[in-house]
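Here is the structure we will look at.
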Number of protein chains: 2
Amino acid sequence: MCVVTPPDFERLLRGTALRVTRPRLAVLGAVHAHPHADTDTIIGAVRREIPKVSHQAVYDSLHALTAAGLLRRIQPSGSVARYETRIGDNHHHLVCRSCGTIADVDCAVGEAPCLTASEDHGFSIDEAEVVYWGLCPACSTS
Amino acid sequence: MCVVTPPDFERLLRGTALRVTRPRLAVLGAVHAHPHADTDTIIGAVRREIPKVSHQAVYDSLHALTAAGLLRRIQPSGSVARYETRIGDNHHHLVCRSCGTIADVDCAVGEAPCLTASEDHGFSIDEAEVVYWGLCPACSTS
DNA sequence: GGCAGAGTGTTGACTGATTCAAGTTTAGGG
DNA sequence: CCCTAAACTTGAATCAGTCAACACTCTGCC
C-alpha cells in the first residue's frame, strides 16, 4: 500500500549513536506514515504496533531522533509540536489559518539557509524557516 | 528616556471597535516598552501600573488587541507566546537557538506576502513568515 | 553464549502556560 | 443619568510536556 520503499529505519538508527529499540523503530515508522502528525497521533499510531508503549517513551524517542537529525520538529504558532521525516532538503510549509492543515513546499534554493537576512545583528545564522500562512482549498471555499 | 514619541494608545483603540480600558492601555504600553516579551513579563509590567489586574485580563487584552491588528503575536518553536507592537511592516525575526533572544530584521520586500511559494497547493496565501535560526553574538562566543 | 552497565522504557506525579465559566463591574451611546 | 453589552475578577480546570525513581534491555566484550 506504500508506493515508496520504506526507509531502512534500523540502518538509520545504527548510523547514529542511538540504540535500536522497538519504540524508536515504531516512532520512525509512525512519523513516516503520518507526516506533520502531532504527538498524540504518533502515540496512537505507535500503539497499534506496540500497545503498551508509554507516552514518555514516545516523547523521548521523538526528542532523541530529532536531536540525531532523523526527524524534524515543526511547531507553527498556536499548534502543538509536529514531526516529519522529510529532512535535509530544507523545504518549507503552508499552514491553513482555519483548520491547521500543513502542506510541504519545496525550497527553490535547496540548501539552508535559503535566505539571507538583510541585517544579521551579529547572529551566526544557520537556517531560515519559512511558513506561508493562508487558507487551504477546503477552508477558503466555505 | 524614550526617544520615540509613544503612540497615542487611546486613539489606536478608538480606531477599532474596542473599548478604552485601563488594562488595555497598560498592555499596549507594556508591549511597546518590552518588544518580544512573553506574557509573564507583560503581566509584570502591567502590574507596575495597575497592581490588581488579573492575568486573565491581560490574556484577554492581548487576544483582543492581536485580533484587532494592534499587536502581533509571535511564537518560535519551543517558546511561549511573545508580542510586539511593530506591525504592518512585515518584518521578520532572528532567534537565538541557545538563549531565545529575538531580534528584528527588516523585510526587503515590505509587503506581505514577501515570498511566493513555488507551489501553493491551492492555498490562498496572505503572509510569509520568516524565522532565521542561529546564535546571537553573546552565545556564539561562549 | 554469558555478563556488565550505560542507555532506554515504565510508571506516576507534577508543572506551567493557557483556557473556561460564572458572576460583577464599567465604558459609552441614548 | 441609565442601560446594556463588553470587559474584568476570581477560581478552577485543561493539557501538552517534563521530571524522577526504578526496572529493563541493547550492545560491546570476554
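So you know, we letter chains A, B, ... as the sequences are listed, proteins then strands, and number each from 1.
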(message) From CZ of A:Arg14 over to C1' of D:dG28, roughly how many Å is that when rounded to an integer?
(response) 12 Å

(message) I need the CD-P distance between B:Glu49 and D:dC8, as an integer number of Å.
(response) 13 Å

(request) Enter the distance from A:Arg48:CZ to A:Ile43:CD1 here, rounded to the nearest 0.5 Å. (result) 12.5 Å

(request) Please report, rounded to the nearest Å, how far the P atom of C:dG9 is from the CZ atom of A:Arg47. (result) 14 Å

(request) Answer yes or no: is there a donor N or O on one side and an acceptor on the other, between the side chain of B:Thr16 and the main chain of B:Ala68, under 3.5 Å? (result) no

(message) Rounded at 0.5 Å granularity, tell me how far CD1 in A:Ile102 sits from CG in A:Leu94.
(response) 10.0 Å

(request) Indicate yes or no: does B:Asp89 engage B:Arg72 in a salt bridge with an N to O separation below 4.0 Å. (result) no

(message) If I take atom CZ from residue B:Arg82 and atom CG from residue B:Leu71, how far apart are they, to the nearest 0.5 angstrom?
(response) 15.0 Å

(request) Give, ordered by number, those residues of residues 20-28 of chain A having at least one heavy-atom distance below 4.0 Å to an atom of DNA chain C; if nothing qualifies, reply none. (result) A:Thr21, A:Pro23, A:Arg24

(request) For B:Leu13 and C:dT26, give me the distance from atom CG to atom C1', rounded to whole Å. (result) 15 Å

(request) Kindly say whether B:Val53 contributes a backbone atom to a donor-acceptor pair with the side chain of B:Arg47 at under 3.5 angstrom? (result) yes

(message) How many whole angstroms separate atom CG of B:Leu65 from atom C1' of D:dA6?
(response) 14 Å

(request) Kindly indicate whether the side chain of B:Cys99, heavy atoms from C-beta on, has any atom under 4.5 Å from the side chain of B:Cys136. (result) yes

(request) Give a yes or no answer on whether the side chain of B:Arg24 reaches the backbone of B:Arg19 with a donor-acceptor pair at less than 3.5 Å. (result) yes

(message) Quick one: does any side-chain atom of B:His34 pair with a main-chain N or O of B:Ala30 as donor and acceptor, under 3.5 Å?
(response) yes

(message) Rounding to an integer number of Å, can you tell me how far A:Lys52 NZ sits from D:dT25 P?
(response) 12 Å

(message) Please enumerate all residues that pass ring-ring contact (aromatic ring centres under 6.0 Å, His included) together with A:His93, with sequence neighbours excluded.
(response) A:His36, A:His91

Kindly give the atom pairs (protein nitrogen or oxygen, nucleotide nitrogen or oxygen) under 3.5 Å for nucleotides 2-5 of chain D.
| from | atom 1 | to | atom 2 | distance (Å) |
| --- | --- | --- | --- | --- |
| D:dA5 | N3 | B:Arg19 | NH2 | 3.1 |

(request) Please answer whether the main-chain N or O of B:Asp104 pairs with a side-chain N or O of A:His121 as donor and acceptor at a distance below 3.5 Å. (result) yes

(request) Between protein and nucleotides 15-20 of chain C, map the contacts as a letter string: B base, S sugar-phosphate only, - none, heavy atoms under 4.0 Å, written 5' to 3'. (result) --SBBB

(message) I need the CG-C1' distance between A:Asp60 and C:dT10, as an integer number of Å.
(response) 10 Å

(request) Before accepting this row, confirm whether a basic side-chain N of the pair A:Asp8/A:Arg14 lies closer than 4.0 Å to the acidic partner's carboxylate O. (result) no

(message) Report for the helix from C:dG1-D:dC30 to C:dG30-D:dC1: angle between first-end and last-end helix axes, five pairs each, rounded to 10 degrees.
(response) 40°

(request) Could you state the atom-to-atom distance from CD1 of A:Ile42 to P of D:dA16 in whole Å? (result) 13 Å

Tabulate below the donor-acceptor pairs under 3.5 Å that side-chain atoms of residues 122-132 of chain A make, not counting sequence neighbours, or state none.
| from | atom 1 | to | atom 2 | distance (Å) |
| --- | --- | --- | --- | --- |
| A:Asp126 | OD1 | B:Arg97 | NE | 3.3 |
| A:Asp126 | OD1 | B:Arg97 | NH2 | 2.6 |
| A:Asp126 | OD2 | B:Arg97 | NE | 3.2 |
| A:Glu127 | OE1 | B:Arg97 | NH2 | 2.9 |
| A:Glu129 | OE1 | B:Trp133 | NE1 | 2.6 |

